[in-house]
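Since we're looking at a predicted model, the values are computed, not measured. Computed from heavy atoms alone, side chains included, the values below leave out hydrogens, waters and symmetry copies. Quick note on labels: first sequence line is chain A, next is B, and so on, each numbered from 1.
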Amino acid sequence: MTMQTTALAPAERAIRVLGGDLTERSLRQYLEGLSGVDAVGLEQRAASLATRSIKTGSKAWALDRIIELIDLTTLEGADTPGKVRSLVAKALHPDAGDPTTPRVAAVCVYGDMVPVAVEALGAAHGDPDDGLVSVAAVATAFPSGRASLAVKLADTRDAVAAGADEIDMVIDRGAFLAGNYGTVFEQIVAVKDACRRPDGSSASLKVILETGELNTYDNVRRASWLSILAGGDFIKTSTGKVTPAATLPVTLLMLEAVRDWHRLTGEHVGVKPAGGIRTSKDAVRYLVTVAETVGEQWLQPHLFRFGASSLLNDVLLQRQKLRTGHYSGPDYVTID
Amino acid sequence: MTRLTIPKTYKLYIGGKFPRSESGRSYEVLGADGGFLANASLASRKDARDAVVAARAAVPGWSGATAYNRGQVLYRVAEVLEGRRAQFVQEISSSEGVTAAEAGRQVDEAIDTWVWYAGWADKFAQVAGAGNPVAGPYFNLSVPEPTGVVAIVAPQGEASLLGLVRVVAPALVAGNAVVVVADEAHPLSAISLSEVLATSDLPGGVVNVLTGSPAEVAPWLASHSDVDALDLAGAGALEWVDLEIAAAETLTRVMRPEPGVPERSLDRILAFTETKTVWHTKSLI
Amino acid sequence: MKDIEITGRGFLDYAPAPESTAILHLQDSYGLFIDGEFVDGSGGSFATVSPATEKRIAEIAIASEADVDLAVAAARRAHTRTWSKMSGSDRGKYLFRIARLVQERARELAVAESLDNGKPIKESRDTDVPLVAAWFFYYAGWADKLDYAGLGANPRSLGVAAQVIPWNFPLLMLAWKIAPALAAGNTVVLKPAETTPLTALLFAEILQQADLPAGVVNIVTGAGETGAALVRHPDVDKVAFTGSTSVGREIAKAVAGTHKKVTLELGGKAANIVFDDAPIDQAVEGIVNGIFFNQGHVCCAGSRLLVQESIHDEVVDRLKQRLTTLRLGDPLDKNTDIGAINSKEQLDRIRSLSDLGEQEGAERWSAPCEIPENGFWFAPTIFTGVSTSSTIAREEIFGPVLSVLTFRTPAEAIAKANNTPYGLSAGIWSDKGSKILAVADRLRAGVIWANTFNRFDPASPFGGYKESGYGREGGRHGLGAYLAAGGSSSERSERVETKGDNK
């Protein structure tokens, strides 16, 4: 059992909760000691949250807030500088016809596109709290994560050096499903370290669980806690490349982990559902779920994001409907 | 030279023991010819109370036994009864005034009744239970479970052994414990049957037999809060409506009187069961 | 970032989302539904009010003893001349028609139910009315398959069924009663609860649309006297009652000595047992659903929370947190979780029992919610430090009030759960399957929900042990309650002198 008693990287959160003798075994015991999840009950709770009816003033507020929480994303092999510039333009001025439309929180691109995004944002690059737009980069051999740690760390450092404010890493699902929790943990700790900039500040780290591959809700709960313990600033459902991607029950479950971490430590960890959220109606259900699970103070860009691309246009159509009183059409919003 | 026989003292059967009535009372049992047969115990309300306590204590063990085990025990009763057939034939014919052949047929039917019900012990739940196809992700199963303590007024005035067996055996199948008031005029075979039960692996307290006056004892059983079900099979000549009203006070289940000796039936097993339905969530993930 | 500012409160203070009542076309007054027609009653009338506003909805006739007589006579005629002679498949077709009509008018029925009863529209819309349709669909299919009901070949209908239903699920309880009765070939006289007659009368309109033969279903409105007259009527063959144990007791006495077959669904004081290995978030939801669904006006409500001592504080803390997100108010608002208490009388009972709980030393906590000015309301409330001897741990409160008790071992949980004269339902929360099954075996209750609570389905038998009543509703078992075995049982009932019938 030498492997089991091998000390793990001394991640600060994990030491606080698990104690100084942080080992594979103590981590495993902690994760396996978490309360189980009854899938039927979880899905019923999510379904009941989805029946909330958000109307008039609440709806107007929700639509704007959804925009402000979007990581506007393009993650294609065919991405070009032109495509990324176009994405940035949309991020800054989502609805050309309505200057009151808020900006999105961030643009999310592959690492090599970070310089393009940074340049295109120019003076508008910065903290969404200040009305600016951040740059998020997927890293660590996204989306599969099948590369050596050295490659994953280089991937991360590159993106941070190029000006990424946020790193969306993937966990090693293979290691997780094989029960090698320590491996997953150490990689997150190492990537977190690679997020550090020379000035001592850090890019924010979103840890993608790829819940569609973890398959069970018990796994999602364990992976959520593991990622939080290892230092993740956000836990994120999916890469968008695997089906199912974000679902309301999975997001609810991750919000419960974040809520319980807050109960335990007073710290705030963010949640990012990504992939598959395409309509305003859907997105509003996520806002309701956040508000009724962790509280509405979580509905701000440092604690909640939508990873999405087509969602934005549907929200814009709904905004136009609210403003004008009649239904709008796809030709009245820009394709990117 | 004739040998002087040893007459039996007929007592009550409560909690696996054979006590006299706590009241110290007994009554004369006469044969069909009017001659003296025995002094039977005249059970009191306190005997009834003690019997209910004994029955309640026996419920967890008997209902918790496997159905296979209950079936074997009931079959064992038939075996032991078969072995004492001659004694019952003699008692019945002297008490009821029937021929030995008729008494023999009654005993045979009683034995066969035990065998018939023994076979039901591990089957009735399959017939009366159900796997329910509910519209949702649930495992959902209904099973009949024993009601608990069943108080019975045995058929009166005819076929004393068979009447008793036809009401006691079905109540036992599901795992109930029984307090039975025997045929008042012909109590001897009831007490002899108690001796059979006592030597048949049936745990003490599962069957408790009271002899005496149903009119005196039944009201105490009917109104007893710890009696779960009341079988008025042999109460047709009593003020049985009052018994049903008394039982209603605690929603005790009631089987109304039935003339004669009840047939063997699955209904009689199910009458003393409660359907329990268990739901459990079902999910792969 | 803009602050969370919508209506001066927050996002969670969702803007009103009222369900439209325009769909509902109510009469100003309703008569009795006898022999296929609405007729005037001879017992006067009363107003049914909305418990959320105390406003009058409509004037409702009171059925006198003479009216009940007419209704039973109509049911008897319909049974003899029409319904018992009709083929099972035709009876089934009528029931299918009714199921479809309920679906077509589902929203209207849901609005009427919430208006009259005070329950949240999301419950009447998503639970009550869909289950009503499901109940008729389920039993419709049985009507021509009675040989498989478990009573042998050619089982007989009983005749005229007298059915008395409560105010907590007015239309759903109607469906539970009428659907199996008609499928089995009985005719019906049904009395809805005094405070919630509305949907039963709309249902009568549905029966007219379905062209159900006159007299097969008769609906007599009124208070307790009307129900008593119906139950005691000598020409009734079957009595089915859902309601309080005290009334159930009176009914059991009233039918003693008669030939009437009886099923009683009565009160409960269900234990909801939470073990330390429970899926905790789902357990908290199950506790909430168990006691606050329908304002706790549920006979099978999980009103006694038995929580393992080691997790008591955590569960109570999480529960309180969760209760702060419950929204109490307008039953017709789609976001309302907790509606109005059905009547002033019931509110008084909940209040006095809760006060008693405090006096007996339990610690009271109520969710912080604004109570509307008019109407009858009670905030979701939990009592901790409740002992098994406390009144609030033994008496059915029938309101949004939870008593929290603790246990140390599974054996203690079982003993405490069973330590009640009731035995309707129970809940078990654990991730350990073997423990769940063993505990379920030992609980003396008719319905046991493991890792869920308050689930209902027409295929699933429902009913209690002990003072929670007898007989089952739902499934094949529920059908059997309206049938007699073909030959033997009818002969038997003719042979037995039924003394009480002559009273």
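With a threshold of 4.5 angstrom between heavy atoms, A/Arg52 approaches chain C through its backbone and through its side chain. For a residue to count as touching a neighbouring chain, one of its non-hydrogen atoms must lie under 4.5 Å from one of that chain's; by this rule A/Val37 touches chain C with backbone and side chain alike. Proximity to chain C is absent for every atom of A/Arg103, based on heavy atoms less than 4.5 angstrom apart. No part of A/Asp218 comes within reach of chain C, as not one of its non-hydrogen atoms sits under 4.5 angstrom from that chain.
With rounding to the nearest 0.5 Å, the separation of CG in C/Asp281 from CG in A/Asp38 is 11.0 Å. Rounding to the nearest 0.5 Å gives a distance of 12.0 Å between CG of A/Leu34 and CD1 of C/Ile280.
Here the shortest heavy-atom pairing between C/Asp431 and A/Gly36 reads OD2-CA, 3.2 Å. The two residues A/Lys55 and C/Pro16 have their closest heavy-atom pair at CB-O, 4.0 Å. The nearest pair of heavy atoms linking A/Ser58 to C/Phe11 is O-CE1, 4.1 Å. Nearest heavy-atom pair across C/Ala278 and A/Ser35 is O-OG, 3.2 Å.
Using a 4.5 Å cut-off on side-chain heavy atoms (C-beta onward), C/Gln282 and A/Gln44 make no contact. For the pair C/Leu326/A/Glu292, no side-chain contact is recorded, criterion being any heavy-atom separation below 4.5 Å from C-beta on. Contact annotation: the side chain of C/Val288 never approaches that of A/Arg45 to less than 4.5 Å [non-hydrogen atoms, C-beta and beyond]. Counting heavy atoms from C-beta outward, C/Asn335 and A/Ser53 have side chains that approach closer than 4.5 Å.
Within 6.0 Å of atom CD in C/Glu363, 12 or fewer heavy atoms from other residues, nucleotides or ligands are found, so the atom counts as exposed in its surroundings.
Sorted by first and then second residue, the salt bridge (Lys or Arg N to Asp or Glu O under 4.0 Å) pairs involving residues 432-441 of chain C (not counting sequence neighbours) are C/Asp277-C/Lys435.
Comparing A/Thr51, A/Thr56, A/Val288, A/Val40 by how many heavy-atom pairs each has under 4.5 Å with chain C, the most go to A/Val288. Between chain C and the residues A/Ala60, A/Gly295, A/Ala291, A/Gly41, the most heavy-atom pairs under 4.5 angstrom are made by A/Ala291.
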